[in-house]
Amino acid sequence: SGEPLPMSALYNASDAEKEWQEVASQKGVTIPDGAMKHGRHQSRRFDVSKVSEVTQQKICQLLALDYCCLNFKLPEVCDDVGLYCALEQME
């Protein structure tokens, strides 16, 4: 329909299992221990050390608005790129 969906909560994906357990608890559902990893034989994370600093800084530039809007601190690698979050008020 093109209509925006209401956002009622934000969760940190870096600890997704804990966050999904919280959602399930709020809905009165129990997720069995270990069920969140069902079907995964290895972690989906990749080795960040293989991503060059230049690439990480480009990612900072692309995602800076998201970090600022969600009030997340920009990663340290972004420090040398000249990015910052500031609120400007219209008069």
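One is the number of the first residue; the rest follow in order along the sequence. All figures in this text were calculated on a predicted structure; none of them were measured in a lab.
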Report task. Go through the structure and list residues passing side chain to side chain donor-acceptor pair (under 3.5 Å) with Q61, not counting sequence neighbours. Result ->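 Side chain to side chain donor-acceptor pair (under 3.5 Å) check on Q61 returns nothing, list empty.
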
Query raised in the report: Which residues pass the side chain to side chain donor-acceptor pair (under 3.5 Å) test with S25, sequence neighbours left out?
Result: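 S25: no side chain to side chain donor-acceptor pair (under 3.5 Å) contacts found.
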
By side-chain contact (heavy atoms from CB on, under 4.5 Å), which residues pair with [X], not counting sequence neighbours?
X	result
N71	none
Y67	L63, F72, L74, P75
E76	D79
S52	V54, T55

Query raised in the report: How about K73: does its NZ atom have over 12 heavy atoms from other parts shown lying under 6.0 Å from it?
Result: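 Check passes, neighbour count above 12.
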
Query - side-chain contact (heavy atoms from CB on, under 4.5 Å) partner of Q57, the single match among D80, L83, L62 - result: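 Exactly one candidate clears the test, D80.
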
Query raised in the report: Can you check whether K18 reaches Q21 side chain to side chain, under 4.5 Å on heavy atoms?
Result: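 Result no, sub-4.5 Å side-chain heavy-atom pair not found.
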
Query - Closest approach of V77 to V81 (non-hydrogen atoms, all atoms of both residues) - result: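 Residues V77 and V81, closest heavy atoms: O-CG2, 4.0 Å.
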
